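Worksheet for the structure shown next.
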2 protein chains.
Amino acid sequence: MPVTIHDVARRAKVSASTVSRALGASHHVRGTTRDRVLAAARELGYQPNPAAQSLITGKTGNIGIVVPDLGNPFYTGVLRGVQSRARAGGYAVFFADCEEDASAEEALVRSMARQVDGVIICAPFSSDTQLNGLRSVTSLTLLNRRLRGVPAVFMDSAGGMKQVVDHLAALGHRRCAYLNGPHNAWSNRERRRGLRAAAARRHVAVVEFGPFEPKFSGGVQAADLALASGVSAVIAYNDLMALGVLSRLADRRVAVPDEMSVVGFDNLLYAAVCAPPLTTVAMPMEAGGRAAVDLLLAGVGTPADGDPTPCRELSTNLIVRATTAPAPDSSSAARPAPPPGPGKVTDTDD
Amino acid sequence: MPVTIHDVARRAKVSASTVSRALGASHHVRGTTRDRVLAAARELGYQPNPAAQSLITGKTGNIGIVVPDLGNPFYTGVLRGVQSRARAGGYAVFFADCEEDASAEEALVRSMARQVDGVIICAPFSSDTQLNGLRSVTSLTLLNRRLRGVPAVFMDSAGGMKQVVDHLAALGHRRCAYLNGPHNAWSNRERRRGLRAAAARRHVAVVEFGPFEPKFSGGVQAADLALASGVSAVIAYNDLMALGVLSRLADRRVAVPDEMSVVGFDNLLYAAVCAPPLTTVAMPMEAGGRAAVDLLLAGVGTPADGDPTPCRELSTNLIVRATTAPAPDSSSAARPAPPPGPGKVTDTDD
DNA sequence: ACTCGCTCCCCAAACGGTTGCAGAAATCGT
DNA sequence: ACGATTTCTGCAACCGTTTGGGGAGCGAGT
């Protein structure tokens, strides 16, 4: 039923190989012949069979991407960037949601491996060992995860965190809570690293909680802990959690930002929309997706040379909205003093 | 480099065809031989080449899905359902975002056609003619769009709208605005149809605006128009628009729900989270995605028989939250009114 | 006229599997 | 022990495409 290269060949009265050459590398085929072939192909509506092509060329024209959670707009943002760039380059894209499970992530990459030219793993949950195992099965590019020898694009979370701390310190906050995201997430480690460095420099004390699920419900859960710890500001791992915090604080009649400041990460649409609009760090999601595709496609076919593994770092920036304000007067002691909670206190004011 | 069926055959000291049979249809291969083959395959880490398989079998083991807007959580919701069901059935999934452009949609389906066993088109923007053209190129299943002879799953938008109108009428609203989504969207037509029928029955006047972009910005734009029209309630095409309306009304110091009631469609996470939480109609997004996959896979390989084209309708239901309240100038809503029974009850005071 | 060198096209062999067919081996009855 | 029957395995063709090598045709140089 589908039209093959032989149908075109018959109609153009040439051989199949001539058709192939006329459509592809125009090497060694006369102009008039090529025109005839092209016309025949168009009339018949010929579309080459990708399976047959990839069987012989070894290239599939596809790339894959696996993300931890399709419900998180951050990942759908990078998905968007990936898909638009890939399509523009003539690539089709496979996707999969590993639901924040490392072994599912690995299995998905393996199952994709045979029908793609490479896969992008977004904020991988897998261990370095697992990831290294995957390198032999297909060409990899990572987003927000560092691994020796693997091309990757990073978003400067630590830099964003520095901006957050500077902002908070300028507003007079001396004691902040950080709500951890997943313990093994590179982004969480980076944010924490940036937080500690900046907090030390600005003489801000930090209380840490978590890890929590990086979702709305995680934020709801965390809010009470942060509230009990006597901080004047809480920095959430991401916007979803920050929104959960906001919701819980509203339920408990804690005024934001007057009694408590809240900061998130990602700059989702909903951060701008909610009441009050959330102060947050904008992450370049679509740009990250596009950059990952560029790196992946550039690396295809390049064996392990002596040249360094290509990386790209994308900058982030703080967007100040309505959930941050000057710290309430610390002498008022409206809230109970810091109790011995499950939080770990990193007091750098010495 | 990759291990082929011949490598396995050599190691197991059988022919390639025996390996093929041992791994696939276990017909006609001795138990001991099969064990030997399986062991060899496992030791070598053999994975069949899907391109070669699909070349000969004609099946690819892939399905495709195209959605209008990856930035809309409604579509990422169905994407989730699709991907989980497809993976469970051993299928990999291609996806694409047509950005609400009909011709892009058609082009994307065509480009996928050769490497999938079928594609799901989610809330298609294409014309019936375009869609019919696509039927010849691959097997289709539609979500929220009716087309003669094409399997489809529907969400009962009209039924949801009826619940909305009943709710609003019971609260004493006599005059509502409807903010149209895309003019050619099946869902929008269904919602409007349901609205007109229910409004007539309940003696509620309806003012329509739009079409608008089904996004936050569209709602912001629409809010002023609705406000100027003197209605006491506004029904938005979807939650994104409803959130836009909420935001604009807050800016203009219009109290929700006391001065104006607002209703959306979709029941996105953010509808539950925002302040005030949005009254909305829950659409079964993931279930819809799963159902679409089931229909698609059931239809694969079934030629045009005399049997009816399979369809599934999923029910929707209203979720009342904090954006709907009795109409401001409605004295009748202040005291308990007789519940509206189907058919017999008529409003007399008009 | 013969050879040389081009240009252009066709033949045929892959790529990695699946499957119809036929032949070999095992099983069985007598 | 021998053929009949069943069970297993190998051979080879095929799916649709790309690609190296060879050959036909032809103009030009000597």
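Because the structure is predicted, anything quoted here is derived from the model rather than measured. Every chain is numbered from 1, with letters handed out A, B, ... down the list of sequences.
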- Task: Taking the side chain as every heavy atom from C-beta outward, state whether A/Asn49 and A/Pro2 have any atom pair closer than 4.5 Å.
- Result: no
- Task: Quick one: pull up CG in A/Leu131 and CZ in A/Arg135 and give me the separation to the nearest 0.5 Å.
- Result: 9.0 Å
- Task: Please report how far the helix from C/dA1-D/dT30 to C/dT30-D/dA1 bends, comparing the axis fitted to its first five pairs with the axis fitted to its last five, to the nearest 10 degrees.
- Result: 60°
- Determine whether B/Pro68 and B/Glu99 make a side-chain contact, defined as any pair of heavy atoms from C-beta on separated by less than 4.5 Å. no
- Atom NZ of B/Lys59 and atom C1' of C/dT18: how far apart are they, to the nearest Å? 15 Å
- Roughly how far, to the nearest 0.5 Å, is OG1 of B/Thr33 from CZ of B/Arg21? 12.0 Å
- Any donor-acceptor pair under 3.5 Å linking the side chain of A/Glu105 with the backbone of A/Ser126? yes
- Kindly indicate whether the side chain of A/Arg10, heavy atoms from C-beta on, has any atom under 4.5 Å from the side chain of A/Asp7. yes
- In this structure, NZ of B/Lys215 is separated from CD of B/Glu100 (nearest 0.5 Å) by 5.0 Å
- Quiz item: cation-pi between B/Arg146 and B/Phe154, 6.0 Å / 45°: yes
- Message: Does the protein touch nucleotides 9-21 of chain D at the base, only the backbone, or not at all? Give it as B, S and - per nucleotide, heavy atoms under 4.0 Å.
- Response: BBB--BBBBBBBB
